[in-house]
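Shown next, in structure tokens, is the structure this report addresses.
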Amino acid sequence: MCGIIGYCGPRAAGEVLLDGLKRLEYRGYDSAGICVGFDNALTVVKSTGKIAHLRGIVPAALPGTYGIGHTRWATHGVVNDVNAHPHTNQAGDIAIVHNGIIENFSVLKEKLISEGHVFRSQTDSEVIAHLLSDFYEGDLEAALKAVLHLLQGTYGIICVHAQEPNRLVGARNGSPLVLAVGQNEMFLASDVMATLAHTKQVVYLEDGEVVSITNDAYHISELRGDKPISKKVEIISWELENIEKQGHSHFMEKEIFEQPESILRAIQGRLDPENATAHLGGLNMSNTELRDIERVKIVAAGTSFHAGLVASYLMESVAQIPCTAELASELRYRNPIVERNSLYFAVSQSGETIDTLSAMRELKRKGARVLGICNVIGSSIAREAGAGVYIHSGPEIAVASTKAFTSQLAAFYLFTLLISRMHNMSFEAGRGFIQNLSSLPDLVRQGFEQQNHIRALAEKYSHYRDFLFLGRGLNYPVALEGALKLKEISYIHAEGYSAAEIKHGPIALINDETPSIFLVPGDSLREKVISNMKEVKARRGKVIALCVADDEEVKNTADDIITIPKAGEMMYPFLMVVPLQLFAYYTALKLGRDVDQPRNLAKSVTVE
Ligand code: AGP
């Protein structure tokens, strides 16, 4: 996915656009560009590389107080200067930036070429600029609406015309677009991070809506039928400091160490010790409706899927309700059966992952009740679900998700407590569950004491090219998550498996060049996992074990250990994942990787 921004107001647009793109860079960073309008002409500056590089080639005194900008995660067309956005029509008096995929661009492009249009790029997006040129008859909004009727696919679009200075027109379908309302200045952007420094007043646009902005006014209307729409101006709660590194070397480091606070934010105000239960006001479900749930299904992608997998184990064993987690991209296309009295959760930090959004739409089309578990307030999944749980972990900027994972877990633990206390969980058990949840921030903080030791291990093992991550029960999904963290930021191949599963094939991979990281807390599966560790050791495999401090048998079996605080068995996923996040972080540091913006990745994948 990509980041787009538009500005019109009294200030030098170039600076505003570059600052905004810097805050959107986590959405995609293989190339970037801006277009600024001045004196009835458009100036486009764009290139491969990051925003810092673009800033270096933008003329210092670029005149103009309106414009658009884009930071790219390539979908169509290689990463090069000409494929960078903004794209213009042949005359160069229309420019657009686009986030999404135009599925029917080839047909449109062929027709335009047959009519004499000359294309410069290999992108799908460029067709929009050429179509606007054909449809423009003095009103950019009318031209864009006419063009949008021809497009199939997803878009967040912002466009400008040299003959309409200080006016931008935007639209969205499947990719986010937010209007930010300033003092005598207006912004359009992919998300509020880009404009938080200027204003907290935002209007979230919905699919099928078109917005025109000038310095001091905006107009929102429906794509179909032109009907004007009045929408609520919302005030975002984040502060600018939330999206700064605050002395940390990377956002990922900051977000890992923020987890005691982010877990607290996820649970505070939601525990009810008096009744030994939890309160989740955003579910919009009565207690009777909750009690009648007969099965829970969770759809998500990536790290959010791993959180859902932990939740499926927890909910089934504690609440005794059938619960499964499934990759959203798989469920979306397998014509799923939606049974009565089922409750679905769509889990997404960004709330914009198109795989998860599409799966949710398919489930709702089949009559399912879908709740969102999201971090970004006002995001597409949160809004289209209409109900659910915000995890309040604060902006997560590093591409590798860390604090959102533990906050997603916290949200599921709260829901499990709530639903369990409607069924078989006793008052005392509920109080114990609350006690365990309340102790998490301190326990996670205690785990940070291993920070330097984890860094030393990461550096010691950083030359290996293959890793296995192994866990069982609630910690099996954590093994998957640990492997994902390592591979996505250090580029080292890593696979997560159920520890028992290695006997069924993966153990063939074991030799002295393939370290195995075992998650072996003092839980009911400890002995089984120790047996698996010994099977690996017997084949000269190196073993790093995460265990509690006084586990002498594990210490005597593993080559290296990382200790975690003792806790209730169900709490170990929180305490196991943090050392794995740090292990991945320090490995990537040692290898000189771009930790916050790893190659080929983007923070939220808004393309299918
Ligand atoms: C996790 O570190 C990755 N960045 C990725 O797997 C991510 O979890 C996935 O793309 C889902 O994102 P979402 O939670 O915003 O939907």
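One is the number of the first residue; the rest follow in order along the sequence. Basis for what follows: all heavy atoms, side chains included, without hydrogens, waters or symmetry-related copies. Whatever order the structure lists them in is the order used to number ligands and atoms, beginning at 1.
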Taking E384 first and then R361, would you say they form a salt bridge - that is, a charged N and a carboxylate O separated by under 4.0 Å? yes
Closest to atom 9 (C) of ligand 1 by heavy-atom distance, out of S304, A300, A301, A398, is A301
NZ/NE/NH1/NH2 to OD/OE distance under 4.0 Å, D596 and K603: no
Any heavy atom of S401 under 4.0 Å from ligand 1? The part involved is both
Evaluate E488 for polar contact with ligand 1, using N/O atom pairs at a separation under 3.5 Å. yes
Mark yes or no: K245 above the aromatic ring of F251, with NZ or CZ under 6.0 Å from the six-membered ring centre and no more than 45 degrees from the axis. yes
Are any of the side-chain nitrogens in E261 or R265 under 4.0 Å away from the carboxylate oxygens of its partner? no
In plain terms, say whether E326 and K297 are close enough for a salt bridge, that is, a side-chain N and a carboxylate O under 4.0 Å apart. no
Which protein heavy atom lies closest to atom 15 (O) of ligand 1, and at what distance to 0.1 Å? S350 OG, 2.7 Å
Do any nitrogen or oxygen atoms of T356 lie less than 3.5 angstrom from nitrogen or oxygen atoms of ligand 1? no
Does ligand 1 have an atom that lies less than 4.0 angstrom from a heavy atom of E352? no
Measure from NZ or CZ of R599 to the centre of the six-membered ring of Y491 and say whether it is under 6.0 Å with the direction within 45° of the ring axis. yes
Check whether the ring centres of Y497 and F469 lie less than 6.0 Å apart, and answer yes or no. no
Greater than 12 external heavy atoms within 6.0 Å of I235's CD1: yes
Side chains of R593 and S490: donor-acceptor distance under 3.5 Å anywhere? no
Any atoms of ligand 1 less than 4.0 Å from a non-hydrogen atom of A400? List them with their elements. 2 (O)
Ligand 1 atoms nearer than 4.0 angstrom to some heavy atom of K485 are 1 (C), 2 (O)
Closest to atom 10 (O) of ligand 1 among protein heavy atoms sits V605 CG2, 4.2 Å
May I ask you to check whether F187 and H198 place their ring centers less than 6.0 Å from one another? yes
Would you say V399 and ligand 1 have an N/O pair spaced under 3.5 Å apart? yes
Which of the ligand 1 atoms, numbered from 1, are nearer than 4.0 Å to a heavy atom of T303: 1 (C), 2 (O), 6 (O), 8 (O)
For atom 16 (O) of ligand 1, grab the closest protein heavy atom and report residue, atom and distance to one decimal in Å. T353 OG1, 2.5 Å
Check this for me - ligand 1, Q408, N or O atoms closer than 3.5 angstrom, yes or no? no
Starting from atom 6 (O) of ligand 1, which protein heavy atom do you reach first, and at what distance in Å? G302 CA, 3.2 Å
If we only count N/O pairs under 3.5 Å, is S348 in contact with ligand 1? yes
